[in-house]
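Written out below as structure tokens is the structure these notes cover.
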Amino acid sequence: KLDQKGSDHCLKMNDRFGFYLTKVAGIDNAHNLHAVHIKDILSTSMGNLQASAQFNYMFDIPWLIQQYPVEFRSKPLLIVHGMQRETKAEYDMAAMNYSNVKLCQAKMEIMYGTHHTKMMLLLYDNGMRVVITTANNIHQDWYQKTQGVWISPLFPKLDKGEASAGDSDTHFKKDLLEYLSAYKLNGLKEWQEHIKQHNMSSAKVFILGSVPGRHLGEKKTAFGHLKLRKILQEHGPSVSEVKGWPVVGQFSSIGSMGPNKDNWLCAEWRESLSTAKGLGGLRTADAPLKLIFPTKDNIRLSLEGYPAGASVPYSIHTAKKQQFLHEYFHQWRAEVQGRSRAMPHIKTYLRMSPDSKKIAWFAVTSSNLSKAAWGALEKKQSQLMIRSYEIGVLFLPQMFGAEKFFEVQDKECQNSGEFPVPYDLPPTPYTKQDRPWLWDIPYKDLPDTHGNMWCPS
Ligand SMILES: O=C(O)c1cnc2c(S(=O)(=O)O)cccc2c1O
């Protein structure tokens, strides 16, 4: 439906970046005009599907099959997950009902790692597409939440013996192949081959991937926050242009990051996100940091009510060890997209001008604010230890023909030049009374949108 009319000038603008939010049920449909549902992504209007691969964390297999048009439901489908033991067995059982579905289990060899990556590889009779998203393959992730989706252009097949490597200025194809080969899974070989056979020179985003491991030497900057640092060092804004510009992080879960900001958050992690091009190592004054994370009342008053919090797994055990975070916290507010009550499961990171009218770059990714996702330096910073599989994409202005920066789109579908940041900028700080949402404690003082309390077992 992406190419259908509706307010096509909006679609044009969005086609510019390929970045969409998911449709939200229960809000004014004006805010869904250039949002996508999973059925839109899999629809016949996107191409005549021959086979697909679905990477994700959570799957409802029968529901997922139902999202494909009926004529595509028997095409080969590879499901890539990281589940083990009982859940792996559940997935194996569910897949037995579909002779076209194969399962592929990602190796999880480092404790506490998860397979967070949410990606679709779609093979058509005339090319292929890559889709990277933040939504699980379950109904409620595509129902009343704010989720991000990047949909690639249609990548045409390379002609036999065509000399072109079919890569883009952002090394999209090379980085995607490097990410997939890091799984070391025979089950992925056919999809690595499909990618090799397609021309991805039209891809304008950079791949931000994370793969479990202790990455050193050449590989140290291949994944996690050091990959972002490397891209910004080579292609980012110049130090003088972004001096003092805040770094904004927005996410739906938070890992344990030590007893104070200098352990990881405002050391290596902020160091990477505030990297600028040029005079390497010239220390710019520390970039202000703004972290957007739903308050308890954001969740309580949301479309879903307290149950939205089941997808915002911040634990009191972790939170009580890192109260220093509180000074960085900002509310979830998305009036610009009509999604203040559609709780975020999207994860985004950006560098914002002090007047919040411009951004130097924008990333949407499966990575939450955690060392597991972004990596933590070890052994005298000689290696980057990552626990989870993650993938996201980075938008740099110069790759999209913008001057130096993206103008922030401050009203829906204003005009094509602007970047559709999914929430209100500048972010709104927590009030003195605001508390971050914690998912594993009861809330019996005030009822939610549906009149219920929250009593986690
Ligand atoms: O989208 C994901 O990748 C993801 C991963 N984990 C989740 C957890 S938990 O595994 O951390 O307990 C609890 C609730 C929601 C989660 C989720 O949405």
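Both counts, for ligands and for their atoms, begin at 1 and track the order of listing.
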Backbone or side chain, does any N or O of T134 fall under 3.5 Å from an N or O of ligand 1? no
Please report whether ligand 1 has a polar contact with S311, defined as an N or O pair separated by less than 3.5 Å (distance criterion only).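 For ligand 1, there is no N or O atom that lies under 3.5 Å from one belonging to S311.
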Counting heavy atoms under 4.0 Å, the part of W439 that contacts ligand 1 is side chain
At under 4.0 Å between heavy atoms, which part of S366 makes contact with ligand 1: side chain, backbone, both or neither? neither
Within 6.0 Å of NZ in K444, more than 12 heavy atoms from elsewhere: no
Are more than 12 heavy atoms, taken from residues, nucleotides or ligands other than E71, located less than 6.0 Å from that residue's CD atom?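 More than 12 within 6.0 Å, yes.
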Taking side-chain contact (heavy atoms from CB on, under 4.5 Å) as the criterion, tell me which of D424, I292, D297, T295 meets it with Q331. T295
Mind checking whether [X] and [Y] have parallel, tilted or perpendicular rings, split at 30° and 60°?
X	Y	value
F55	Y183	perpendicular
F419	F19	parallel
H215	F223	tilted
F172	W150	tilted

Closest protein heavy atom (residue, atom, distance) for [atom]:
atom	result
atom 8 (C) of ligand 1	P313 CG, 3.8 Å
atom 1 (O) of ligand 1	N136 ND2, 2.8 Å
atom 14 (C) of ligand 1	A310 O, 3.2 Å
atom 7 (C) of ligand 1	Y57 CE2, 3.9 Å

Per atom 17 (C) of ligand 1, closest listed option by heavy atom (H345, Q147, K145):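 Looking at heavy atoms only, H345 sits closest to atom 17 (C) of ligand 1.
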Nearest heavy atom to atom 3 (O) of ligand 1 wins, so pick from M58, H115, K118. K118
With heavy atoms of H116 as the reference, note each atom of ligand 1 found under 4.0 Å away. 3 (O), 5 (C)
Any carboxylate oxygen within less than 4.0 angstrom of a Lys/Arg side-chain nitrogen, looking at D141 and K145? no
